[in-house]
Amino acid sequence: MPFLSRSLLALALLATPAVAQQLPTAPLVLRLPGGAQAAGFGNGFTAGRGAEVIFSNPAQIGAERGTTLSLARYGSSATEGTFSTVGPFGKVAIGAGVQYLDYGTPVGPDFFLRPAQLPGGGETSSSSLAATIAASTRIKGLRIGVAAKYAQERVGALGDGGFALDIGAAREVGRVTVGIVAQNLGRGLDVLDTRRASLPSRVSLGVASPTVLVSSYFDVRAMAAVVRERDGRITPAGGAELIYQPLDGWFFVGRIGARRTQADLEPQESPITVGGSFGLDRLWIDYTFQPSRGFGSIHQIGLRIR
């Protein structure tokens, strides 16, 4: 796959910071899963399908029409809500999505939280927002997508906002979907006057299997991704699901996911997520649970219309 190899190299250069000293990153919401289904696959959703893929790879927004509304609760200290909708319009697919995080920040110099710190919260009321529009098209079997987003972070009464860009591509290689994306490209934010933060830019390469029939009633599906974070850290993630269809139009899904965590920085963060879905024709309900050895676990629930 020479095209994908060259693209990954080019996108990695775009996402690599130009300075050796690493700044903290913001907005925080851009580092969180875009919905309960994506979280169930360990957030390795680069080659995924459905409305919430707009937050993972804009090239895939034309793969499946849909609308998703989800709610996540991080312990008792933070709440995230997301909305996304995607669909084809002729030869172009268009999508829109919003992510909003309400959380507490500890008082002190280290107010830039990592996702694993959200259940612990803090005394300062803070929020994180990203509003995204995206478009994709197919050129000779290759799907190409671009997403523009406005991102904002507020800590107490202060904050800053700006624009960022995602660029992605995807195609089928045999029956497997392969996707690549560079995300959150743009200038950083001046969240607290003299405290500057970089955007959490990253490059992801992902694969997704087709739905495979294993018996008269059961199917399986899997997907995985490798993410290069802005600080150079490599994060593999992925998951698999078992689909049970007892009747036409009825679906019961069990799902497990995993991603590499920073055990040295966040020993309380679990690398494992578990959950499932219930589907009735076009209406689906998703749930994902991530245990925590710290302040509280993470619960996410989503409603999908396919």
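Not a single donor-acceptor pair under 3.5 Å links the side chain of T68 to the backbone N or O of G35. A donor-acceptor distance shorter than 3.5 angstrom exists from the side chain of Q183 to the backbone of F55, with no hydrogens or angles considered. Between the side chain of S77 and the main chain of P119, a donor-acceptor pair closer than 3.5 Å is present. Here the side chain of Q290 pairs a donor or acceptor atom with the backbone of S270 at under 3.5 angstrom. Judged by distance alone, with hydrogens and angles left aside, the side-chain atoms of R282 form a donor-acceptor pair with the main-chain N or O of R306 at under 3.5 Å. The backbone N or O of A39 lies less than 3.5 Å from a partner atom in the side chain of T273, making a donor-acceptor pair. Side-chain N or O atoms of N184 include one that pairs as donor or acceptor with a backbone N or O of P200 at under 3.5 Å. Checking side-chain atoms of Q60 against main-chain N and O of G48 turns up a donor-acceptor pair under 3.5 Å. With hydrogens and angles disregarded, a donor-acceptor distance shorter than 3.5 Å links the side chain of E52 to the backbone of A38.
One side chain, S128 or E153, offers a donor N or O that lies under 3.5 Å from an acceptor on the other.
Remark: T211 OG1 to R49 CZ distance equals 8.5 Å, nearest 0.5 Å. Between the CG atom of N57 and the CD1 atom of I167 there is a distance of 11.5 Å, given to the nearest 0.5 Å. To the nearest 0.5 Å, atoms CD (Q152) and CG (D160) are separated by 8.0 Å. The CD1 atom of I256 sits 11.5 Å away from the CZ atom of F41 when rounded to the nearest 0.5 Å. Put simply, OG on S277 and CD1 on I243 are 9.0 Å apart, with the number rounded to the nearest 0.5 Å. Distance check: I61 CD1 to S56 OG gives 12.5 Å after rounding to the nearest 0.5 Å.
No chain of hydrophobic side-chain contacts below 4.5 Å, direct or via other Ile, Leu, Val, Met, Phe, Trp or Tyr residues, connects V92 to L142. Side-chain heavy atoms closer than 4.5 Å link hydrophobic residues (I, L, V, M, F, W, Y) into clusters, and following such links, even through other members, never connects F251 to L213. Note: the hydrophobic cluster containing L283 also contains I301 (ILVMFWY, side chain heavy atoms under 4.5 Å, direct or indirect links). By the rule that hydrophobic residues join a cluster once side-chain heavy atoms approach within less than 4.5 Å of another member, F45 and I54 end up as members of one cluster. In terms of hydrophobic clustering, with Ile, Leu, Val, Met, Phe, Trp and Tyr side chains grouped at heavy-atom distances under 4.5 Å, V220 and Y244 are assigned to a common cluster.
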Would K149 and D166 count as a side chain to side chain contact (heavy atoms under 4.5 Å, CB included) if you check the C-alpha gap in whole Å, the side-chain angles of each, and the deciding distance to 0.1 Å? CA-CA 8 Å; K149 62 185 75 174; D166 296 353; 2.9 Å; yes

For I144 and I139, what are the C-alpha separation, side-chain angles and deciding distance, and is it a side chain to side chain contact (heavy atoms under 4.5 Å, CB included)? CA-CA 8 Å; I144 299 174; I139 302 176; 4.0 Å; yes

Please assess V98 against T82 for the test side chain to side chain contact (heavy atoms under 4.5 Å, CB included), listing each intermediate value before the final yes or no. CA-CA 6 Å; V98 177; T82 66; over 6 Å; no

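L69 belongs to a hydrophobic cluster whose other members, connected by ILVMFWY side-chain contacts under 4.5 Å either directly or through intermediates, are F83. Applying the under-4.5 Å side-chain rule to Ile, Leu, Val, Met, Phe, Trp and Tyr, the cluster around V226 extends to I234.
Judged as a ring pair (Phe, Tyr, Trp, His ring centres under 6.0 Å), and not counting sequence neighbours, Y100 has no contacts. Among residues two or more places apart in sequence or in another chain, the side-chain hydrogen bond (donor to acceptor under 3.5 Å, both in side chains) test is passed with T132 by none. For F289, the ring pair (Phe, Tyr, Trp, His ring centres under 6.0 Å) test picks out H299, with sequence neighbours left out. Annotation: ring pair (Phe, Tyr, Trp, His ring centres under 6.0 Å) contacts of Y217 (sequence neighbours excluded): none.
The residue from R304, Q300, Q37 that alone fulfils the side-chain hydrogen bond (donor to acceptor under 3.5 Å, both in side chains) condition with D286 is R304. Across L32, L129, L199, a single residue satisfies side-chain contact (heavy atoms from CB on, under 4.5 Å) together with P27, and that is L199. The residue from I180, T235, T46 that alone fulfils the side-chain contact (heavy atoms from CB on, under 4.5 Å) condition with S204 is T46.
The minimum heavy-atom distance linking S126 with G156 is given by the pair OG-N, 4.0 Å. Here the shortest heavy-atom pairing between P58 and A134 reads CB-CB, 4.1 Å. Minimum heavy-atom separation, A237 to G42: CB-O, 3.4 Å. Smallest separation of non-hydrogen atoms from G145 and S136: CA-CB, 3.8 Å. Nearest heavy atom pair, residue P33 against residue Y74, reads CD-OH, 4.4 Å. Across all their heavy atoms, G62 and A93 have their closest contact at CA-CB, 3.4 Å.
In this structure, the side chains of L101 and L28 come closer than 4.5 Å at one or more pairs of heavy atoms. The side-chain heavy atoms of I94 and V86, taken from C-beta on, include no pair separated by under 4.5 Å. Counting heavy atoms from C-beta outward, Q245 and W250 have side chains that stay 4.5 Å or more apart. With contacts defined as side-chain heavy-atom distances shorter than 4.5 Å, the pair W284/L303 does not qualify. In this structure, the side chains of T25 and R31 come closer than 4.5 Å at one or more pairs of heavy atoms. Within the 4.5 Å cutoff, side-chain heavy atoms of T124 are placed close to those of V155. L242 has its side chain within reach of F218: a pair of non-hydrogen atoms, C-beta onward, lies under 4.5 Å apart. By the 4.5 Å heavy-atom criterion applied to side chains, S201 and R230 are counted as neighbours.
Taking the six-membered ring where the residue is Trp, the centroids of F252 and F278 are separated by under 6.0 Å.
Between R221 and E241 there is a salt bridge, since at least one side-chain N of the basic residue sits less than 4.0 Å from a carboxylate O of the acidic one. Ion pair R228/D231 not flagged as a salt bridge, since none of the NZ, NE, NH1 or NH2 atoms sits closer than 4.0 Å to an Asp/Glu carboxylate oxygen. Between E172 and R143, at least one side-chain N (NZ, or NE/NH1/NH2) sits under 4.0 Å from a carboxylate O, which counts as a salt bridge.
The neighbour count for I133 CD1, taken as heavy atoms of other residues, nucleotides or ligands under 6.0 Å away, does not exceed 12.
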